[in-house]
Every structure is written in C-alpha cells, then in structure tokens.
Amino acid sequence: MRVIVWKRLIVVPALALTLSAVPTAAHAGGGRTAGGGTEGSGKGSAKGPVITAETKVTTTVNGSSRTSGTGTLTPENSNWTPPACWYEPAFSPKEIKATVTLWRSIDGVPFLGGVGKFVGDTLDAYYKDGEPYKDYNLDKQGEGMFWAAVKNPNRKDDPEANSCDKQPFWVDEGNVPDEPLAVSPKILAEYAYDELPVPGTRIEMRPAETTKVNLPTWVWLDRTRFKKISVTASLPGTGLSATTTAEPVSLHIDPGTRDARTYPASGDCELNADGSIGAPYEQGRANDTPPCGVTYLRSSGSDGSYPLRATVTWKISWTSTTGEGGPLPEGTFGATEDVTVQEIQSVNR
C-alpha cells in the first residue's frame, strides 16, 4: 500500500521532468465529435501533471466580420472574468489507452529511461487496473467520453487556467457531470464574451485635435458604427450553443485634466434614440453647449497635449439552445486622443 501512495505523490515531478522531451505526449486522434456515441477529436497535451485537451468550441460572429480596429471588452466588474478553463468531452476509451502508450514510448529518449514506464504504470493504475476505471472503459466505446480539462485560448497565461486539475473523467452519453466547471451554456456564453470584436472607440470631434481655451469641443459617435454585435459559441456534436450579445449604451469622456468641463457634467453621454451618441457639430454653433463634449479651461502648454480618453460601455446579455440566458457584467472598451489646447490670441491696438 505504501508503494502505491508513493507513486501517486511523485507523479507530478515525474511528469514535469518529461515535458521538454515529450511536449505532446497525450494526443487524441481524429474522429467524429463528441456526443451521440461518437469518438472524440480533442488534441491532448501533457504540459503539466494532468492530461488536458484543446477545446473544440467554435465561435461565429453574427451580423459582422472581424476587421482591423476591433478590440475585446474589459468587464466593469473587476471581480469577474470569463472562465479560464473548463471540462469538455475530449477522449474516447481508445484514445485514453493510446495516451498511456505514448507515455511509455518516452523510454527511448536519452536520460529518461524508465520514466515512461513509471508514468505509464501510474496512469494504468488509474485507467486500466480498476482504480477507478477498468481496461480504459473499452467495453463502453461509443457509449460516452472522458471529459478533460481545456484552457480558454484567450487566457492561457491566467493563473486560473490551471485550476482545472482533474485527470480526464468518464461521463456516460447523455449525462451531465457533477462538476461546476463542466462545459455548459453559461460557460459557452462567458467564453463568447471574450470573443466579442467590439469596434474601436474612434470619436468625432470639432474642433479636431487642436482646440482653444473656453471653446466647447463637440464629441459624437456615428450610429452606423456602433451597433449590436453578438458571438455564438458552440460545442459540436453536443447540441450546446450560446449567443452573447453586446449593445452600446453610453460614452464616457475623461478630458485628461481637471482643468476642463464636460457635457454632461458626469462625462457620461447616453445613447440617442437613433443609436448615435452626441450630435455632430454644425456651422455657427461654436459657442453653443454640446450635448456631448468638453471645454478646456487651461492650455496644454507649448508642445503639449491632454490625453482625452473616450470609453464606450456595452450592455451584455446571453441566450442559449436550452432556453437559459440572462445578463453578464457590462464591458468597456476605449481609446485615447491627444488634444492640443491653445490660448485664444488677441491683438491690442
């Protein structure tokens, strides 16, 4: 009994030792996607003590295409982020067996003789010898899948990406695992949040780039540029799908100095009924108060400028194929414009 415990305790450093020699020791081959008694197509990885896979979740941008000048949202709730990892169907019984075989093959690598056998024996104790699985569940081929940990491709460097630390576990076809991080419509929706390609916050200003002290600067956003945008995340073969939608609701102006007055005073310009923000400047209204804008009260100095920050807030919601849905934390995306402010010159006669 002590030998078994000792093996399980040192499997982590043993696996870490082999990483540089076998960076993709766990690999699930091709096949039909998960669900409906099918074989998996996950690509495994041994970059750590747990056999993991690459996600098979696909995303589609609805009503728009990815173009230059887009960015990703920052949640306004600093305590919330999209999931860094989750579990999804990845390996068939045959693929788990193939994974163990690949581990054993590293014994041919110089300086690593015996390591492959050691790791293979440890994995066999888990998947072959009845603790908790017997003969890799080969008798259940086509009746379920081993669910494995996957990382959010956008958050691979997030420390939380390593929180899915369970070895692949068996789930019968049609069952939902009792695991909080098992892929679900909400997890798909939160992943789609990370994939929303919101347009860059390029505001229109008059005067543009250079303005005068005490002269109102008009700020607006074109309604044709800032529309709803949504992303659908799906896990092929499972019927699971969720759509996350972002809708612009307001523009916040930070003039980059305390010596300024914003319109409205809060700096928050709400969305107009037609979807635009603010109003374009019209000839002859230079001294009028703009519905969205800023007046600088002091010059930015010779060869200087103020960093005006324009940030759009987006309302986020989601729906799914299961009927579930609801709000997600609002997100923001902004850009900075350098504004030169000059004194109004007068001539004394």
Side-chain angles (χ1 to χ4, degrees), residues 4-5 7-8 11-12 15 22 24-58 83 85-106 116-151 163-188 233-241 320-322:
I4 294 175
V5 173
K7 282 186 178 182
R8 290 182 177 174
V11 68
V12 173
L15 285 168
V22 190
T24 56
H27 176 79
R32 294 175 293 167
T33 54
T38 59
E39 291 193 12
S41 58
K43 293 181 179 178
S45 171
K47 296 179 180 178
V50 175
I51 298 173
T52 63
E54 293 180 6
T55 184
K56 297 191 292 293
V57 174
T58 60
C85 69
W86 58 85
Y87 297 95
E88 67 181 57
F91 298 96
S92 70
K94 290 180 180 179
E95 289 164 346
I96 285 293
K97 182 179 180 180
T99 296
V100 177
T101 301
L102 283 172
W103 270 115
R104 293 187 184 281
S105 70
I106 70 172
K117 182 180 183 303
F118 169 76
V119 176
D121 287 348
T122 304
L123 291 175
D124 269 346
Y126 189 78
Y127 290 108
K128 179 184 178 183
D129 299 334
E131 295 186 28
Y133 304 107
K134 184 173 179 61
D135 199 23
Y136 316 104
N137 272 11
L138 289 173
D139 61 330
K140 293 186 177 183
Q141 183 74 24
E143 299 177 9
M145 296 287 292
F146 284 98
W147 287 43
V150 301
K151 293 183 179 182
S163 61
C164 297
D165 56 2
K166 294 181 179 180
Q167 290 285 12
F169 53 90
W170 180 258
V171 179
D172 287 326
E173 193 67 39
N175 286 359
V176 177
D178 184 19
E179 165 55 55
L181 290 176
V183 67
S184 64
K186 187 172 184 181
I187 284 180
L188 291 177
S234 305
L235 184 57
T238 65
L240 291 180
S241 180
S320 70
T321 51
T322 64

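Every heavy atom of this structure was used, including side-chain atoms; hydrogens, water molecules and symmetry mates were not. Values in this document were obtained by computation on a predicted structure and should not be read as measured data.
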Check the pair Phe146, Ile51 against side-chain contact (heavy atoms from CB on, under 4.5 Å), reporting the backbone distance first and the verdict last. CA-CA 11 Å; Phe146 284 98; Ile51 298 173; over 6 Å; no
Kindly indicate, with the supporting measurements, whether the criterion side-chain contact (heavy atoms from CB on, under 4.5 Å) is fulfilled by Asp139 and Lys134. CA-CA 9 Å; Asp139 61 330; Lys134 184 173 179 61; over 6 Å; no
Stepwise side-chain contact (heavy atoms from CB on, under 4.5 Å) check, Lys56 with Leu235: CA-CA 6 Å; Lys56 297 191 292 293; Leu235 184 57; 4.1 Å; yes
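Taking the six-membered ring where the residue is Trp, Tyr133 and Tyr127 present parallel rings, their angle staying beneath 30° rather than reaching 60°.
For the atom pair CD (Gln141) and CD (Glu95), the distance works out to 7.5 Å, reported to the nearest 0.5 Å. Atom-to-atom distance recorded for Trp170:CH2 and Glu143:CD is 7.0 Å, nearest 0.5 angstrom. Remark: Leu188 CG to Thr238 OG1 distance equals 7.0 Å, nearest 0.5 Å. The distance from the CG atom of Leu181 to the CH2 atom of Trp147 is 11.5 Å, given to the nearest 0.5 Å. The NZ atom of Lys151 sits 7.0 Å away from the OG1 atom of Thr52 when rounded to the nearest 0.5 Å. With values rounded to the nearest 0.5 angstrom, Lys94 atom NZ is found 13.5 Å from Thr101 atom OG1.
Shortest non-hydrogen contact noted between Glu54 and Glu88 is O-OE2, 4.3 Å. The minimum heavy-atom distance between Cys164 and Ala149, with the atom names listed, is O-CB, 3.5 Å. Closest of all the heavy-atom pairs between Ala148 and Phe91 is CB-CE1, 3.5 Å.
Between Pro185 and Leu240, some side-chain heavy-atom pair lies under the 4.5 Å cut-off. For the pair Phe169/Pro177, a side-chain contact is recorded, criterion being any heavy-atom separation below 4.5 Å from C-beta on. For the pair Val57/Val150, no side-chain contact is recorded, criterion being any heavy-atom separation below 4.5 Å from C-beta on.
By the 6.0 Å contact criterion, CG on Asn175 is enclosed, its count of non-hydrogen atoms from other residues, nucleotides or ligands being greater than 12.
Tyr136 and Asp124 are linked by a side-chain donor-acceptor pair at a separation below 3.5 angstrom, with hydrogens and angles left out of the test.
Not one N or O on the side chain of Thr58 forms a donor-acceptor pair closer than 3.5 Å with the backbone of Pro236.
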